[in-house]
Structures are given as structure tokens and as C-alpha cells.
Amino acid sequence: MRTIDLKPDPLGHAAPITHVAFRPDGKRLASCSYDGTVLVWDTSEPASPVPLTRLRHRRLVNAAAWSPTAPTLLATASADKTVGVWRIPEHGRHRLVTVLARHTDDINSVAWMPDGRRLICVSEDGRATMWDTPTGALLAEIGAHSAHCMMVSVSCEGLVATVGEDGMVAVGDPGRPATAEMRHYASSVEGCAWSHSGKLLAVARDDGIVNLLTPELDCLRTINVSTSAARSVAWADDDNSIVVGAYDGSLHHIGISGEPIGRTHDARLWPRSVAAAHGLIAAGSFWNAPHLLDFATGAELSAPRRPGHGVNALAVLSDRRLADRIPGRRLLAGCDSGSVLILDADVDADVDAPSGARLLPVSDSPVLSLAAGRDGVFYAGTYGGQVVRRSVRPDGGEPTVSAPLGAPVPSLALVGDRLVAGTYNGELIALDPETLAEVERGAPHAGSVKSLSAFDGGFLSAATDRTVAAGPLDDRATLWQHGNLVNAVAGLGDRVVASASRDHTVKVGLLAPPGTGGRRVANVQTLLGPDESVKCVGLLGDPDAPVVLAGSYDFGLYAWEVDWRDSVGTLASGRLVSTFRQGLSCMIPWDTDRMVVAGWDGRLLLVGRERRNAPVRELRSWQVDDVIERAGAADRAAGDGQVDEQVDALEYGQVAS
């Protein structure tokens with residue numbers, strides 16, 4: 001298993017923060033991150049938290065939990081399929097006590113039993129297991145979900161609640177498994193928390209609703225929190241109110257009678273995790289440190305100061321004004337910082353970093369998707385749930401911003417005279433490319449639309465409902481299903497489609513010619529190689545003999561040469577092209593035989609082949625941070641402060657819009 005190897009940030013994390021957990025006394029906070037580390041902060045002075053120690057896993061860290069009986073004991077859960085139990089003294093060096101390492105999949109959440117000895121772990125394989133932490137022994141399997149188990153919470157009475165993507169909420173006593181209660185919802189449930197008294201369980205649902213349930217799972221209250229997913233929930237010290245983290249980029253403070261008390265919105269927030277203790281709120285962030293707020297007022301006490309430039313989306317933009325350059329195109333990279341990195345020069349240039357780079361602020365929230373328009377215009381879909389139309393030219397005018405679409409926008413595609421946006425809520429929305437006004441809505445997917453690609457008079461779509469679909473907005477046809485959610489889809493010509501899934505596979509299909517009775521799949525092959533979820537996919541070559549490229553959470557870039565007559569030969573052709581220092585995030589064809597690939601380690605890689613039968617290999621590589629630094633230095637030397645000012649504004653935490 002490869003280990004995350006990111007340049008550490010001395011002031012915090014080097015990647016977005018996935019989870020936060022207060023020690024019961026509120027004087028210590030553990031923050032977990034995509035950078036594979038856990039930071040323990042001294043929060044005794046909330047206005048100036050101090051990082052004390054850094055714990056490391058081999059992969060991203062999903063959760064942490066402090067022992068209720070031993071204030072120096074911390075459990076951390078990772079995608080490396082282990083749980084670490086650490087001794088964190090008030091002073092001195094931390095120590096790894098034990099590793100709980102017999103899990104079969106990523107660990108999503110952990111919670112201690114009231115005795116401070118037994119630990120409950122839930123994972124992507126749907127299982128909930130109980131462990132003895134002093135010995136590292138597996139005690140029992142106490143439950144299972146039919147899809148990913150996402151969160152666990154233990155009450156003061158020792159009742160264990162688990163929730164999952166299958167929409168199930170389960171509550172049981174590990175000592176009396178026959179007494180388990182279950183409740184099912186139509187939407188995924190990814191957050192839950194017992195009240196301090198143990199009398200109420202709050203569950204946060206993907207449809208934006210929070211339910212307050214009794215231990216018997218009777219519903220006492222239904223609270224409509226947001227049009228976007230409600231992902232996390234924490235209780236006030238007196239159990240009279242809750243704070244809910246939602247994917248509208250907000251923290252919602254709500255009384256247990258359902259009345260809204262207040263709302264805190266900050267584009268830097270990533271509220272997949274929220275914690276509360278002793279009048280404080282902590283929340284995750286796309287930036288380098290957690291947010292700390294006053295529970296009673298919602299006032300910001302401290303916030304992160306530095307963004308990350310992790311790349312989430314790529315696009316290739318043609319521009320007639322670059323006709324004197326070869327190939328006369330720009331490469332765009334959408335980043336966690338809300339900016340788009342623009343590389344004006346030819347990526348073929350044999351230099352360490354392309355010249356002509358600019359960092360263009362686009363949004364005050366991360367850019368999740370990109371689509372290239374005409375004559376220097378591009379479109380960016382944001383975590384904040386809007387689409388931005390912007391020109392890369394200095395004379396391109398003011399940006400146009402759409403109305404809120406109700407959820408993050410992880411996918412965009414320009415299809416004919418319409419811009420199609422796919423949302424986290426599963427909606428397919430057609431916008432006018434000039435005004436970004438809504439024109440039409442198509443039949444939604446039953447899950448987040450992770451990827452779109454223009455294709456044969458319509459578009460391809462991939463979603464967390466496990467399907468890949470094709471066609472125009474009003475007539476979608478399912479091509480195939482994966483065994484788990486589908487992260488990405490790509491097309492080649494009018495007949496070849498490839499998709500990448502969390503089930504560790506890639507599928508590539510040859511469609512029957514147009515006009516032969518719908519888009520029937522004539523040939524489909526399943527490609528193996530990655531050991532983890534496959535995040536991105538692309539196609540090179542021609543439809544008769546395409547090359548499939550795919551990037552995985554196992555940090556590998558893979559390639560297969562497709563032989564439509566020999567699926568075994570295709571499978572045997574698979575090989576590892578390159579490795580990154582974190583998971584791969586996205587890719588985009590540069591031309592017929594070359595692909596630009598990005599990873600969350602900030603690396604941009606150009607790969608390709610010199611002729612049809614030659615293997616795909618690395619051609620060029622750059623680091624995003626190096627490109628940004630050189631761009632700023634070049635403009636300072638030239639006396640042009642525009643890029644310098646943009647970079648400094650991002651460096652010091654001023655949110656640019």
C-alpha cells in the first residue's frame with residue numbers, strides 16, 4: 001500500500017479536513033485530513049488554537065474519537081483500513097498504543113463504549129465491529145449495512161447507533177443483539193449523534209432533513225434543514241439545540257423543537273463534520289485548519305488562513321487569439337481554493353513549468369467542475385452550488401453567476417447550445433450558456449451526478465446510483481451498471497464509452513451505430529488493475545482500437561489497450577503507467593494521443609504515445625504550487641502586480657469572489 005507523501009503545512013493540514021473531534025473537556029481538538037494526518041490542537045484559547053502534535057496514517061483519515069474515560073487516549077480511523085489508538089499526553093511525545101488492523105475496507109467512523117475500553121468501528125464494507133483496545137482483539141461483529149456504513153455514535157447508556165448509504169438507521173445494545181431496532185429512509189444517511197442524556201438520536205440525511213428519534217427509533221421531530229445534503233450533527237451541552245453541517249456550506253443552529261436559531265455560512269467550510277463541547281463548535285474545512293465558533297452566537301473565534309490548490313477538474317480551452325501558438329489552447333485546472341489555474345503556453349514545452357501561468361479567482365468556494373466554451377470563455381461548477389461563466393481574457397468583462405442550484409455542482413458539460421449541470425442532489429439542469437438562466441430540467445439520477453461528458457448529440461452521465469446513462473436531457477437511457485457508485489465517464493467518437501467506479505473496476509463499451517434502434521451496447525468489457533476506488537477515466541486513440549486510462553485512489557495511473565474481439569487480451573494489456581503521492585482526481589484529453597492527468601498531490605502529468613501501437617508513457621510533469629510560485633515571481637519581476645495580488649490574497653485567507 002502506497003503512503004500519502006504531501007509537503008506538510010507547518011500551520012495546519014496540506015489538504016481538506018474530513019473530520020473534527022473535541023476531547024470531552026473541550027481543551028483539545030483532533031482534526032483529520034486528506035493529507036493522511038491527524039492534528040491535535042490546544043483549544044483552551046479558542047481564538048488562537050495551537051497545533052501540538054501530528055499523527056500519521058498511510059492514507060486519508062476519516063474520523064477520530066477521544067476516550068470518555070481516559071483523556072489522553074485517541075482513536076483514529078483511516079482509509080488504510082486500520083484504526084490507530086494513540087496516547088496523547090498533556091506534555092511530551094505521543095505514543096501509538098495499538099493498531100486495529102483486520103478490517104476489509106476503509107474505516108469511516110469510530111466511537112467508544114462508555115467503559116473507555118471497547119471501540120466500535122464502521123467501514124465501507126457495511127460492517128460494524130467491536131474491539132478490545134488494550135489487546136487489539138476483535139470482540140464481535142455487531143451489525144451490517146447493505147451499503148457503506150458511514151457513521152457510528154454511542155449513547156451514555158451504551159446503545160450503538162449506525163447509519164449508512166443504504167438509508168438504514170440501526171440501534172442496538174452489543175450485549176443484547178436480538179433487541180436491535182432498524183429504521184429505513186429513501187435517502188442516504190451519513191450523520192448521527194446521541195444527545196448527552198441518551199434520550200434522543202439526531203440523524204442527518206442526504207435529502208437535507210434531520211430527524212430526532214427515540215432509542216426505539218420513533219420519530220419525534222422532522223426538521224427541514226437545507227435543500228442540500230445534511231451531513232453532520234452535534235448537540236449543545238444542555239441538549240436543547242443542535243448544530244447541523246450541510247452541503248450548502250453552512251452550519252445551521254436549530255432548537256430541538258425545530259425552530260431555527262442561527263446560520264453560519266463560510267465558503268471555506270466543509271461541513272461533512274461538526275463537533276461541539278463546552279460552548280464551542282468545530283467544523284471541517286477545505287482550507288488548512290478547522291473552524292472554531294461560539295455555539296451560542298455563531299460568532300467566528302478562529303478560522304483557517306491558507307487555502308489548498310488541490311485540483312478537482314480540468315478543461316482544455318481553445319482560443320482564436322492564441323492562433324500563433326501551438327496548439328493554440330489553454331489548460332485550465334479548477335482548485336480547492338476557488339481559483340482556476342490557467343496555463344497559456346504549449347504543454348509540449350520542455351521546461352520544468354509552463355510559462356504564462358495565471359491563478360484566476362472564480363468563486364469563494366472550491367471549483368468542482370469545468371467546461372470549456374468558445375473564444376476564451378469557460379464555466380466552473382462550485383461546491384457552493386452555482387455555475388460561474390468567466391473569460392480568461394483581460395477584456396472578457398465581468399463574470400456571470402447562476403442562481404443557486406440547490407446543491408454542489410460536481411459535473412458540467414457544454415452540449416450544443418446548452419450547458420448541462422449535474423448536481424449533488426442528482427439533478428440534471430440545462431442552463432443558457434450566455435446568461436446561465438435555467439432552461440430545462442431532465443429526469444434526475446437517484447444519486448449525485450459525479451461526471452458528465454458531451455457525446456453523440458447528447459451527453460453521458462455517471463452517478464452514485466451506480467449507473468452510466470446516455471442521450472439528450474429528456475430521453476436518458478442506462479447503458480450499464482457498476483457494483484458501486486460511478487465516479488467518472490468519458491466518450492470517444494460517437495460509439496465508445498468508458499466509466500470508472502468505486503467497485504475498483506473500469507468498464508469500456510462499444511455502442512451500436514446510431515440509428516439502429518437506440519443506443520444499444522454492442523460490446524462491453526470490464527477492466528481490472530486498481531486496488532482501490534477508480535476516480536477518473538479517459539480515452540485516447542480511435543474507436544476501433546482505443547486506449548483506456550484510469551486513475552485510482554491507490555495513487556496509480558493505469559492504461560489498457562482495447563481489443564473488441566478479445567476481452568482477455570484487453571485485460572492482459574493493463575499496466576501501471578505512473579504513480580502519484582496521493583489519489584488521482586481528474587483527467588482530460590489534450591489531443592488524440594495525449595492526456596493531462598491531475599492528482600490531489602498537486603501534480604499535473606502529461607502522458608501519451610508516439611504512435612498507434614506504442615505504449616502510453618509519461619511525457620511531462622509539473623507541480624501546481626511550483627507553477628503558481630513561478631507565475632507570481634515572473635509577474636513581480638515584470639512589474640505586473642495582478643497575479644501577485646491574487647496569490648497573496650489567497651495566501652493570507654482573504655476570500656476572493
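Please read all numbers here as calculations on a predicted model, not as lab measurements.
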The test is side-chain contact (heavy atoms from CB on, under 4.5 Å); show your working for Val189 and Met150 and say whether it passes. CA-CA 8 Å; Val189 183; Met150 299 304 295; over 6 Å; no

Are the side chain of [X] and the backbone of [Y] linked by a donor-acceptor contact shorter than 3.5 Å?
| X | Y | value |
| --- | --- | --- |
| Thr129 | Glu141 | no |
| Ser365 | Thr382 | no |
| Trp86 | Thr76 | no |
| Asp294 | Leu301 | no |
| Asp248 | Ser226 | no |
| Asp336 | Pro366 | no |
| Ser273 | Ser232 | no |
| Thr214 | Glu216 | yes |
| Arg118 | Met113 | no |
| Ser250 | His252 | no |

Would you check if the distance from the ring center of Trp600 to the ring center of Tyr553 is below 6.0 Å?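 Ring-ring flag for Trp600/Tyr553: true, centres closer than 6.0 Å.
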
Do the two ring centres, one from Tyr34 and one from His13, sit under 6.0 Å apart?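 No, the ring of Tyr34 stays outside the 6.0 Å limit from the ring of His13, centre to centre.
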
I need the single residue from Val160, Ile142, Leu119 that forms a side-chain contact (heavy atoms from CB on, under 4.5 Å) with Met130. Which is it?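 Single side-chain contact (heavy atoms from CB on, under 4.5 Å) partner of Met130 among Val160, Ile142, Leu119: Ile142.
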
With rounding to the nearest 0.5 Å, note down the distance linking [atom1] in [X] to [atom2] in [Y].
| X | Y | atom1 | atom2 | value |
| --- | --- | --- | --- | --- |
| Tyr558 | Leu528 | OH | CG | 11.0 Å |
| Arg59 | Ile4 | CZ | CD1 | 7.0 Å |
| Cys335 | Asn312 | SG | CG | 7.5 Å |
| Ser188 | Asp166 | OG | CG | 8.0 Å |
| Ser109 | His148 | OG | NE2 | 14.5 Å |
| Asp206 | Ser228 | CG | OG | 8.0 Å |

Looking at Phe580, does the NZ or CZ of Arg2 lie under 6.0 angstrom from its six-membered ring centre and within 45 degrees of the ring axis?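 Here Arg2 fails the 6.0 Å and 45° test against Phe580.
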
Any idea which heavy atoms bring [X] and [Y] closest together, and the distance?
| X | Y | answer |
| --- | --- | --- |
| Pro174 | Gly158 | CD-O, 3.6 Å |
| Val449 | Glu427 | CG2-O, 4.0 Å |
| Leu269 | Ala283 | CD2-CB, 3.6 Å |
| Tyr247 | Pro271 | CE1-C, 4.4 Å |
| Asn484 | Asp503 | CB-N, 3.6 Å |
| Ser585 | Val311 | OG-O, 2.7 Å |

Test item: [X] and [Y] side chains (from C-beta on) under 4.5 Å apart, heavy atoms:
| X | Y | answer |
| --- | --- | --- |
| Tyr185 | Asn211 | yes |
| Leu292 | Pro49 | yes |
| Leu11 | Asn288 | yes |
| Cys156 | His196 | no |
| Arg263 | His265 | yes |
| Leu55 | Ile88 | yes |
| Asp9 | Trp287 | no |
| Val163 | Met151 | yes |

Could you walk me through whether Asn425 and Thr423 pass the side chain to side chain donor-acceptor pair (under 3.5 Å) check? CA-CA 5 Å; Asn425 289 352; Thr423 76; 5.1 Å; no

Would you check, one step at a time, whether the test side-chain contact (heavy atoms from CB on, under 4.5 Å) holds for Asn108 with Glu124? CA-CA 7 Å; Asn108 288 326; Glu124 298 252 311; 3.3 Å; yes

Could you go through Ser451 and Val486, starting from their C-alpha distance and side-chain angles, then the distance that decides it, and tell me whether this counts as side-chain contact (heavy atoms from CB on, under 4.5 Å)? CA-CA 8 Å; Ser451 178; Val486 190; over 6 Å; no

What verdict does the side-chain contact (heavy atoms from CB on, under 4.5 Å) test give for Ile256 and Asp239, after you've listed the backbone C-alpha separation in whole Å, the side-chain angles of each residue and the deciding distance to 0.1 Å? CA-CA 8 Å; Ile256 60 169; Asp239 281 351; over 6 Å; no

Is it the case that [X] and [Y] place a side-chain donor and acceptor less than 3.5 Å from each other?
| X | Y | value |
| --- | --- | --- |
| Ser123 | His103 | no |
| Thr72 | Arg87 | yes |
| Asp42 | Ser44 | yes |

Salt bridge between [X] and [Y], side-chain N to carboxylate O under 4.0 Å?
| X | Y | answer |
| --- | --- | --- |
| Glu165 | Arg502 | yes |
| Arg127 | Asp125 | yes |
| Lys81 | Asp106 | yes |

Qualifying residue for salt bridge (charged side-chain N to carboxylate O under 4.0 Å, His left out) with Asp25, from Lys27, Arg28, Arg23: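 That would be Arg23; it is the only one of Lys27, Arg28, Arg23 passing the salt bridge (charged side-chain N to carboxylate O under 4.0 Å, His left out) with Asp25.
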
Please determine whether the number of non-hydrogen atoms from other residues, nucleotides or ligands lying under 6.0 Å from atom CE of Met182 exceeds 12.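 Incorrect, the count does not exceed 12.
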
